[in-house]
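In what follows, a structure is listed as structure tokens, so that the remarks can point back to it.
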Amino acid sequence: MSSKRDFLTIWDLTAGEIECLLKRAIELKSGSDKNNCPLIGKSIGIFFEKPSTRTRVSFEAGIYQLGGQSIYLNPRELQLGRGETIADTARVLSRYLSGMVLRTYSHASAEEFASHATVPVINGLSDLHHPCQALADLMTILEKKGRISGIRLAYIGDGNNVANSLIEAAARTGISLTVACPEGYEPDPDIIERARNAMAKDSKGELIILRNPKEAAGRADVIYTDVWVSMGQEDKAEKKKTKLRDYQINGQLLQCAKNDAIVLHCLPAHRGEEITDEVMDGPNSAVFDQAENRLHTEKALLEFLIR
Ligand code: CP
């Protein structure tokens with residue numbers, strides 16, 4: 001039986017492993033370990049069904065910096081587009097590659113791919129989860145606030161894949177998370193239930209779902225948002241934007257949070273919709289450090305998973 005480890009959701013790492021990964025990511029960011037090349041002689045596939053700026057480039061650059069080679073695979077240019085199954089593709093690619101990073105529309109496709117691959121599979125975003133983003137978010141909170149457990153995080157807007165992974169990250173690390181979203185735009189109910197059960201069992205973290213963005217932002221250490229219309233949802237854009245228009249992160253909303261609150265956004269941002277220029281470019285914004293931290297957390301993750 002294969003002993004490979006996948007990273008499809010935050011649950012795939014224990015709390016202790018997350019702590020070690022974040023510590024290692026901070027070490028890698030410091031530049032103290034520049035000659036570290038654990039991926040020499042290894043090739044990693046980057047299999048993306050959707051566009052990407054941060055995930056693709058941070059993984060490709062990180063793999064190179066660790067001494068490895070990345071191979072970008074556009075599914076439309078593979079035999080998958082002509083009917084070869086996900087299972088057979090995963091089996092074959094596992095014979096050439098030491099790991100794969102996937103970005104899929106459906107989380108079920110990522111699970112199917114991982115179940116047939118014999119090398120580690122990393123989820124670089126699916127419709128349900130964005131765990132690599134959550135690792136960078138945790139690192140940014142740790143850097144800026146000096147701790148993670150007990151931090152009050154307000155996620156304001158669409159209860160999407162980013163919110164789902166943040167919920168899981170809160171359960172693993174003890175964040176007190178409040179999600180403010182309109183009715184019908186809540187995070188995934190199964191993910192909420194599992195996280196609440198874990199929080200109760202481990203006596204750490206808290207998850208509140210409410211409607212009022214000001215109530216969520218009140219006394220927050222971290223305010224977080226994401227685009228209102230995710231990739232693949234363009235047909236629902238106008239309805240969603242109308243429902244979410246009171247959930248913008250602007251100067252007024254930021255005033256409800258602590259004075260030293262940081263603002264996070266996983267990017268890309270639609271400036272003027274979910275976040276104003278004033279906040280995005282203002283003194284509380286940590287969004288570009290957060291984007292940079294994708295590189296460091298992913299390098300730590302690759303080191304950990306790829307043998
Ligand atoms: N945050 C994020 O995943 O960005 P990309 O879609 O550009 O990869």
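Numbering of ligands and ligand atoms starts at 1, following listing order.
- For ligand 1, the atoms lying closer than 4.0 Å to a non-hydrogen atom of Leu267 are 1 (N), 2 (C), 4 (O).
- Between Lys241 and the options Glu274, Glu273, Glu234, a salt bridge (charged side-chain N to carboxylate O under 4.0 Å, His left out) holds for only Glu273.
- With hydrogens and angles disregarded, a donor-acceptor distance shorter than 3.5 Å links the side chain of Asn284 to the backbone of Ala261.
- Looking at Leu125 against ligand 1, nothing comes within 4.0 Å, counting heavy atoms.
- By the 3.5 Å distance cut-off applied to N or O atoms, Cys266 is counted among the residues near ligand 1.
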Requested in this report: Check the pair Leu102, Asn123 against side chain to side chain contact (heavy atoms under 4.5 Å, CB included), reporting the backbone distance first and the verdict last.
Outcome: CA-CA 5 Å; Leu102 308 185; Asn123 178 4; 5.6 Å; no
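- With hydrogens left out, the protein atom closest to atom 4 (O) of ligand 1 is Arg54 NE, 2.9 Å, a heavy atom.
- Contacts of Arg103 with ligand 1, taken as heavy-atom pairs under 4.0 Å, involve the side chain alone.
- Proximity to Thr53 (heavy-atom distance under 4.0 Å) selects the following atoms of ligand 1: 5 (P), 7 (O), 8 (O).
- Checked by atom type, the side-chain pair Tyr247/Asn212 shows no donor-acceptor distance below 3.5 Å.
- Leu267 is not listed as a side-chain neighbour of Gln290, based on a closest heavy-atom distance of 4.5 Å or more.
- Listed by number with element, the atoms of ligand 1 under 4.0 angstrom from any heavy atom of Arg294 are 1 (N), 2 (C), 3 (O).
- Between Pro51 and ligand 1, not a single N/O pair is under 3.5 Å apart.
- Assignment of His130 to the shell around ligand 1 is supported, since a heavy atom sits closer than 4.0 Å.
- Using a 4.5 Å heavy-atom threshold, the side chains of Tyr155 and Thr178 count as separate.
- Proximity of Leu21 to Phe304: side-chain heavy atoms (C-beta onward) are separated by under 4.5 Å at one or more points.
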